[in-house]
Amino acid sequence: MTSSPRAEPAPAPPWVVLGRGDAGAVHAVSLDADGNETRRWELAAGEFADWVAARERDGAPRWVWSDTPAWYAPLLEAGVRVARCQDLRLCHAILSDSAFVPFTESLRTAPEWDAASAEGTPAADTLFEVSDAGGSTGVPEGLDAALAEFARQRTALASSPQEKRLRLLLAAESAGALIASELRSAGLPWDAEAHDAILTGILGARPPGGGSPAELDRTGEAVRAALGDPALSLDSQPKLLRALHRSGVLVESTSRWELAQHEHPAIEPLLAYKKLSRLHSANGWGWLATWVHDGRFRPVYVPGGVVTGRWASFGGGALQLPRQLRAAVAADPGWALIVADVAQLEPRVLAGMAGDMAMADAARGRDLYAGIVERGAVATRAEAKVAMLGAMYGATTGSSGRLMPRLRSIFPRAMSLVDDAARTGEEGGIVTTWLGRSSPSPSPGWRETQSRAGDAAALPADERRARQSARDRGRFTRNFVVQGTAAEWSLTWMAEIRRRLDALGEVDEAVAAPRSGAAFFRRPHLAFFLHDEVILHVPLQLADAAADAVRDAAASASRLLFGEFPIDFPLDLHIAETADKG
DNA sequence: AGCTGGATTGGG
DNA sequence: AGAACCCAATCCAGCT
């Protein structure tokens, strides 16, 4: 079953809008496709999860709710998953800024929906209460408020000349919100013993009292000896800098790349010390004790947490897991991990947006950078890579900037797209992703800087500052369209993966993974996401089917965004026991 | 004591 | 190896 036969398009499921009443009661209204109310419910707190589960079995409506973590975390804890939702907070943020929506006034008259999610900024020690049990979100929770906002969003959508794309974006963003809650509920399978063994191998044995481990100490001593300062504190940047100067190492900073350019007996142990110290403080035994419980790492993901639409995270540094620790990500017995990432996601997305057939050809079925070399624009893969990154990030100097004209000559459409985005940004305009997420307007300070440079009395310094900030903004908008559209592709990919995994069904109790949370312990599930990579945790017997689901989902995401335009998104995919892929 | 900003290093 | 874009987390210094 590599590709499930397309079912007849089911009639659009009805909407069910939810709101909270007193004492945890839930008020619900179902709406038909025209937005007319068809039914009303009032549920006591204790009945809610079972009622949702029953509705899911009976047609699976699209749940319309204020804020996904607040509604969905308790459901997941009760073992109840939902197929789809509309997250009013996230959709409000997209629609009220989107250049694809001609009239945003009505959305802008509801600023209460601009509030940040509850998970955005909790106090550290209330983290678990807030995100597991819901709690105050900052956006309205009542049914009337939800109905009114939902109506505004439907009106905005219907007024858009790009309704289809925006609809896809809202669905993908909302599916992402569901997935973020599910990732936390399921957790990333984590082998604490393997983690401990990695730390011990690199840092030396863990000191019983919690002090610094042997190898870290030894390396630190070597640095102090080489600098002739036995009491030096290596963790203080100013003190370390002064000590280096006293020893004749005239660096301006203590950063790795600058140190590496100098010759001194202290340099080598110092670079080693920094590496060890980083591992120890950021992902050492303290991290393990704080973030890994019962065999799972459960970070908090924040969908839409970045202006471009990428996810943010907080707590545990989920988006910065060092490669050294990947061997600690390990499937449960009888289960496997599927680790899949997209090769060169951003340039491929750019080719799709620009409809650049030459670039699509260079990318098809292989390493895109090799394809660029074959076309003769540059001599080596390394050059192709820096040139492409420079095109998307806005490099103007160095080898990357030098190579840009060659890219312009072979990929004129793709390069015009990013160059236009940069020009729009420099002029103070806004740019928009493929599906309709628009960049923020320039800040008042930015406009002020620009207009001051236009004054008759402007000083050369004013003009320089204005040019600088204009270029900075141009680089931001240049990157925004590509990074933001790549985020949309990834969200769509994950939503399609999730849908296909649900169709694979459950395994027997005998091979369940009980630590994966009440809603997932018998099903293949997503366990990790990082911009262009997913990790799935799947029962061995379903591993091949799940891998097919991941590949099919990539093809489906490409079609949903770019239709029949022939840009492909090849995956690097492994089925393995650990996420370490060497 | 608690907050903010700079420096640094990890991720894409 | 650098520089360009989007980040988070840590530590220390310097401030209120």
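The figures that follow rest on heavy atoms only: side chains count, while hydrogens, waters and symmetry mates do not. All values reported here derive from a predicted model rather than from experimental measurement.
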Within the distance-only criterion (no hydrogens, no angle test), does the side chain of Arg348(A) pair as donor or acceptor with the backbone N or O of Ala363(A) below 3.5 angstrom?
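Such a contact is found between Arg348(A) side chain and Ala363(A) backbone.
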
Would you check if the side chain of Ser98(A) reaches a backbone N or O of Gly436(A) as a donor-acceptor pair within less than 3.5 Å?
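Indeed, once roles are kept as given, a pair shorter than 3.5 Å links the two residues.
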
Between [atom2] of [N] and [atom1] of [X], the distance in whole Å:
X: Tyr301(A); N: dC7(C); atom1: OH; atom2: P; result: 18 Å
X: Arg323(A); N: dG11(B); atom1: CZ; atom2: C1'; result: 9 Å
X: Lys274(A); N: dG10(B); atom1: NZ; atom2: C1'; result: 13 Å
X: Leu325(A); N: dT9(B); atom1: CG; atom2: C1'; result: 14 Å
X: Leu240(A); N: dC11(C); atom1: CG; atom2: C1'; result: 13 Å
X: Leu276(A); N: dG10(B); atom1: CG; atom2: P; result: 11 Å
X: Trp287(A); N: dT9(B); atom1: CH2; atom2: C1'; result: 17 Å
X: Arg242(A); N: dC12(C); atom1: CZ; atom2: P; result: 15 Å

Describe the nucleic acid contact of [X] in one word from base, sugar-phosphate, nothing, applying a heavy-atom distance below 4.0 Å.
X: Ser313(A); answer: sugar-phosphate
X: Arg310(A); answer: base
X: Gly390(A); answer: base
X: Arg478(A); answer: nothing
X: Ser399(A); answer: base
X: Leu345(A); answer: nothing
X: Thr397(A); answer: nothing
X: Val482(A); answer: nothing

Between Trp291(A) and Trp285(A), ring centroids under 6.0 Å
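When the ring centroids of Trp291(A) and Trp285(A) are compared, they turn out to be at least 6.0 Å apart.
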
Counting side-chain heavy atoms from CB outward, which of [options] is closest to [X]?
X: Pro322(A); options: dG10(B), dC6(C), dC5(C); answer: dG10(B)
X: Thr254(A); options: dT8(B), dA9(C), dC6(C); answer: dT8(B)
X: Ser236(A); options: dC5(C), dA13(C), dT9(B); answer: dA13(C)
X: Gln320(A); options: dT8(B), dC6(C), dA8(C); answer: dA8(C)
X: Ser253(A); options: dC6(C), dT8(B), dA4(C); answer: dT8(B)
X: Phe476(A); options: dA13(C), dC5(C), dA4(C); answer: dC5(C)
X: Gln483(A); options: dC5(C), dG10(B), dC12(C); answer: dC5(C)
X: Pro238(A); options: dA4(C), dT9(B), dA13(C); answer: dA13(C)

Nearest-nucleotide wise, let me know which of Ala312(A) and Gln261(A) is further upstream toward the 5' end of DNA chain C.
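Looking at DNA chain C, the more 5' nearest nucleotide goes with Gln261(A).
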
Is the positively charged end of Arg165(A) above the ring of Trp434(A), judged by distance under 6.0 angstrom from the centroid and angle within 45° of the axis?
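Pair Arg165(A)/Trp434(A) counts as cation-pi.
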
Just so I know, are the side chains of Thr433(A) and Val481(A) near enough to count as touching, which here means a heavy-atom distance under 4.5 Å?
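Contact flag for Thr433(A)/Val481(A) side chains = no.
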
Output yes when Glu533(A) and Arg323(A) qualify as a salt bridge under the 4.0 Å nitrogen-oxygen rule, no when they do not.
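Here Glu533(A) does not pair with Arg323(A) in a salt bridge, since their nearest N and O are not under 4.0 Å apart.
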
Arg437(A)/Asp97(A) salt bridge by N-O under 4.0 Å criterion:
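Salt bridge between Asp97(A) and Arg437(A), a charged N being under 4.0 Å from a carboxylate O: no.
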
If the cut-off is 4.0 Å, is Arg278(A) near the phosphate of dT9(B), judged by side-chain N/O to OP1 or OP2?
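Negative; the distance criterion is not met.
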
Below 4.0 angstrom from OP1 or OP2 of dG10(B), is there any side-chain N or O of Arg256(A)?
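So the side-chain polar atoms of Arg256(A) do come within 4.0 Å of the phosphate oxygens OP1 or OP2 of dG10(B), strictly under.
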
Using only heavy-atom distances, decide whether a donor-acceptor pair under 3.5 angstrom links the side-chain of Gln237(A) to the base of dA7(B).
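Answer is no: no donor-acceptor pair is held.
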
